[in-house]
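Got a structure for you, written out below as structure tokens; questions coming shortly.
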Amino acid sequence: MSSQSGADHYKSLVEQFYEALLLLKALSGLRDGHDGFPGRQNLRKERLRSFLRGLAYFCDFKKGGDTYTGIGLEEAETEYIFWVTSNKHRPELAAHLSDMLDRLKKLKDAPEDMKGRHRRSLQAMCFSKSGKRIGMYQTHLTKSITDAQNLLTEPKTKHDRELSLWMSGLLEADPKNYVELCDSIFTASKENHMLRLLRSRAKFERSLENIRGKRNAFDEVKHYIGRLASHTRTLNQLCDYVDDPLIEEIIRAQRVRQIDPLEQTSESTLDIQATLNGLLVGIKDGAERREVQSRLDDLNRQCEIFKDISNQYSYFKPRVHAEVQILEHFYRNNLRFANDDKFVGGSKPSCECCYLYFKYHPARMVLPESSHKVFINWSLPPVAEPQSGEADFTQQRKILSKMVNVLIYNAVSEILDCRTAPCWRPDSLTDLSSSIASFRLLEPDGVTGPS
């Protein structure tokens with residue numbers, strides 16, 4: 001393949017990629033299923049993965065994608081290096097992570113009668129930094145509880161009265177005292193009888209509404225209890241993990257370095273056509289291609305799906321996500337992951353594109369926890385010379401080609417199946433599980449791990 005034809009093929013792949021991505025977002029933006037936290041049979045490595053994820057969690061101060069944080073741990077000859085980055089450049093990030101690690105080391109070294117004081121100091125610092133996120137969750141929880149109690153109309157059953165009283169008690173903590181707030185919600189999250197009542201009522205409301213993709217007040221109460229409780233739970237885990245010999249060794253010989261976000265590749269200049277030719281080209285069977293075209297035309301008449309796609313594209317500003325930055329930093333610089341465990345700790349589950357990029361990258365990374373949600377503002381990492389024959393370019397084209405095939409397959413499947421949006425679920429699994437033992441890593445307190 002000549003240099004020019006290779007570049008043209010790559011440009012065509014990029015256009016197909018974003019056309020399929022935009023269409024998937026317009027259709028629903030959410031794949032069914034949620035790949036959970038990747039565990040191992042080796043308990044020490046599993047603890048280290050959870051430790052990295054917990055650190056990343058407390059580096060992500062706000063809701064939204066800007067502060068999403070990724071951490072990769074390098075094992076150098078004489079030290080361990082925490083490589084950290086976010087979706088958007090944050091100059092204070094490395095200093096904050098260093099502060100957390102220093103405080104954890106002091107906690108480990110403190111005499112028994114002083115450990116509680118060091119733990120409270122660490123908790124106050126982490127929760128203060130996350131104040132905007134915690135405050136937003138508390139506001140949402142208050143509103144959701146009010147909405148839920150309004151649905152418990154008279155005459156209330158015995159279980160309804162129990163649930164109403166319990167939910168009212170969730171609002172008694174001082175909303176400005178983030179430690180007290182999260183600790184009290186964490187305690188409430190261990191009351192399994194009340195959680196069963198909450199889940200049961202949420203399921204009942206879903207059956208009444210029968211609207212896919214719509215969340216009800218009881219689901220939201222459950223979700224925000226989990227969000228707030230996860231702050232205390234994650235802090236407790238970080239403090240417990242310093243007693244692990246491997247983690248103790250790491251925090252005694254650690255250094256933190258920050259990766260500057262990779263520049264995005266040049267924005268694709270898509271020509272959004274009603275026929276979405278780039279997507280249809282990927283369908284080899286002529287009869288299937290005509291059927292997809294017909295279904296697309298029907299969708300457009302019913303809900304102006306192409307107008308929605310064009311509106312999304314008007315806000316199109318792709319960027320390289322943090323976990324991909326970590327992957328490429330280690331791969332391009334031939335760095336060794338600690339314990340040869342090619343894992344990136346993320347503050348939230350990865351999106352669909354990051355998951356696919358990890359899956360098809362030759363580095364053979366540990367596949368991340370993923371919500372499989374579709375976000376259109378996603379960019380491939382840049383390559384130095386996007387020309388045919390260049391190793392980096394050839395590798396990236398192979399990855400992109402596999403990603404395009406998956407996205408086109410998913411888009412075509414949704415169109416042919418006439419699928420509607422799946423039932424609502426959050427990006428992460430910090431919400432309470434739908435059953436007491438539904439996730440392998442569920443802790444005895446009944447709350448799943450951090451996002």
Side-chain angles (χ1 to χ4, degrees), residues 57-58 61-63 120 123-124 126-206 209 214-237 424-439 442-451:
Y57 182 74
F58 281 119
F61 306 148
K62 302 176 184 177
K63 276 181 66 67
R120 288 189 295 273
Q123 184 179 27
C126 289
F127 287 20
S128 176
K129 284 282 189 180
S130 301
K132 288 186 178 180
R133 177 184 287 274
I134 293 172
M136 186 175 294
Y137 289 154
Q138 195 276 336
T139 299
H140 289 320
L141 177 63
T142 300
K143 181 182 182 302
S144 299
I145 288 175
T146 299
D147 293 342
Q149 289 181 326
N150 288 337
L151 293 172
L152 297 173
T153 55
E154 299 291 349
K156 292 186 177 70
T157 66
K158 175 187 175 183
H159 285 165
D160 285 349
R161 290 193 296 272
E162 280 186 89
L163 186 57
S164 179
L165 183 63
W166 181 72
M167 288 192 297
S168 296
L170 298 176
L171 304 178
E172 292 177 355
D174 181 358
K176 299 299 184 183
N177 186 329
Y178 300 133
V179 171
E180 177 188 339
L181 172 65
C182 293
D183 282 356
S184 67
I185 297 296
F186 174 74
T187 300
S189 75
K190 294 187 284 187
E191 299 178 33
N192 289 331
H193 170 63
M194 300 310 304
L195 298 183
R196 290 189 183 96
L197 294 184
L198 185 61
R199 293 188 186 101
S200 177
R201 186 68 196 208
K203 182 178 180 181
F204 174 71
E205 291 297 326
R206 287 196 298 271
E209 295 172 351
K214 181 178 176 61
R215 46 183 165 171
N216 64 65
F218 295 94
D219 274 325
E220 290 192 327
V221 170
K222 177 167 63 73
H223 173 62
Y224 290 115
I225 289 173
R227 284 294 207 186
L228 289 166
S230 69
H231 284 74
T232 294
R233 177 180 179 274
T234 305
L235 191 285
N236 290 345
Q237 284 184 333
W424 173 84
R425 55 182 168 78
D427 292 358
S428 64
L429 292 182
T430 54
D431 59 313
L432 301 181
S433 62
S434 57
S435 64
I436 294 300
S438 59
F439 299 113
L442 195 67
E443 294 291 327
D445 55 40
V447 184
T448 58
S451 64

- request: State, yes or no, whether a side-chain contact exists between V221 and R201 at a heavy-atom distance under 4.5 Å.
  value: no
- request: Drop me the distance from Q237's CD to S230's OG, to the nearest 0.5 angstrom.
  value: 10.0 Å
- prompt: Any chance the rings of Y57 and H231 have centres within less than 6.0 Å?
  reply: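 Yes, they do, as the ring centres are separated by less than 6.0 Å.
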- prompt: Would a 4.5 Å heavy-atom cut-off, applied to side chains only, mark K222 and R199 as touching?
  reply: yes
field: Side chain to side chain, L198 and W166, heavy atoms closer than 4.5 Å
entry: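 Touching, per the 4.5 Å side-chain cut-off.
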- prompt: With sequence neighbours excluded, what pairs up with S128 under the side-chain hydrogen bond (donor to acceptor under 3.5 Å, both in side chains) test?
  reply: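 Scan of S128 (side-chain hydrogen bond (donor to acceptor under 3.5 Å, both in side chains), adjacent residues dropped) gives none.
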- prompt: What is the minimum heavy-atom distance between S130 and F58, and which atoms define it?
  reply: OG-CD2, 4.2 Å
Set of side-chain hydrogen bond (donor to acceptor under 3.5 Å, both in side chains) partners for S200, sequence neighbours left out: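 In terms of side-chain hydrogen bond (donor to acceptor under 3.5 Å, both in side chains), with neighbours along the sequence ignored, S200 is linked to no residue.
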query: Under the salt bridge (Lys or Arg N to Asp or Glu O under 4.0 Å) criterion, do E162 and K158 qualify, and how do the steps go?
result: CA-CA 6 Å; E162 280 186 89; K158 175 187 175 183; 5.0 Å; no
query: Taking side chain as C-beta onward, heavy atoms only, is Q149 less than 4.5 Å from S168?
result: yes
query: Looking at A202 and N216, what are the two nearest heavy atoms and their distance?
result: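 The answer is O-ND2, 3.1 Å.
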Side-chain donor/acceptor of S164 to backbone N/O of D160, under 3.5 Å: no
pair K132-F61: side-chain heavy atoms closer than 4.5 Å: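 Heavy-atom side-chain distance check fails, nothing below 4.5 Å.
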task: Please list, chain by chain and in numerical order, all residues satisfying side chain to side chain contact (heavy atoms under 4.5 Å, CB included) with K203, sequence neighbours excluded.
output: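 Scan of K203 (side chain to side chain contact (heavy atoms under 4.5 Å, CB included), adjacent residues dropped) gives R206.
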Minimum heavy-atom distance A124-V179, with the two atoms named: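 Reported closest heavy-atom pair: CA-CG2, 4.1 Å.
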- request: Supply the atom-to-atom distance T146 OG1 to M167 CE, rounded to the nearest 0.5 angstrom.
  value: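 Taking OG1 in T146 and CE in M167, the distance rounds to 9.5 Å.
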Closest approach of A229 to I185 (non-hydrogen atoms, all atoms of both residues):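 For A229 versus I185, the nearest heavy atoms are N-CG2, 4.0 Å.
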message: Could you report the tightest heavy-atom contact between A217 and A148, atom names first, then the distance?
response: CB-N, 3.6 Å
- prompt: Just how far is it from atom CZ of R196 to atom CG of L163, taken to the nearest 0.5 Å?
  reply: 14.0 Å
- request: Measure the spacing between CG of L197 and CZ of R161 and express it to the nearest 0.5 Å.
  value: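 These two atoms lie 12.5 Å from each other.
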field: Contact check, side chains of L151 and F204, non-hydrogen atoms, under 4.5 Å
entry: no
query: Are the side chains of N177 and L181 in touch, meaning some heavy atoms are under 4.5 Å apart?
result: no
- prompt: Stepwise, does the side-chain contact (heavy atoms from CB on, under 4.5 Å) test hold for Y224 with I145?
  reply: CA-CA 10 Å; Y224 290 115; I145 288 175; over 6 Å; no
- prompt: Considering all heavy atoms of both residues, which atom of T232 and which atom of F127 are nearest to each other, and what is their separation?
  reply: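 That would be N-CZ, 3.7 Å.
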task: Measure the CE-NE2 distance between M194 and H159 for me, rounded to the nearest 0.5 Å.
output: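 NE2 of H159 is found 8.5 Å from CE of M194.
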Inter-residue atom distance M136.CE - K62.NZ, 0.5 Å rounding: 9.5 Å
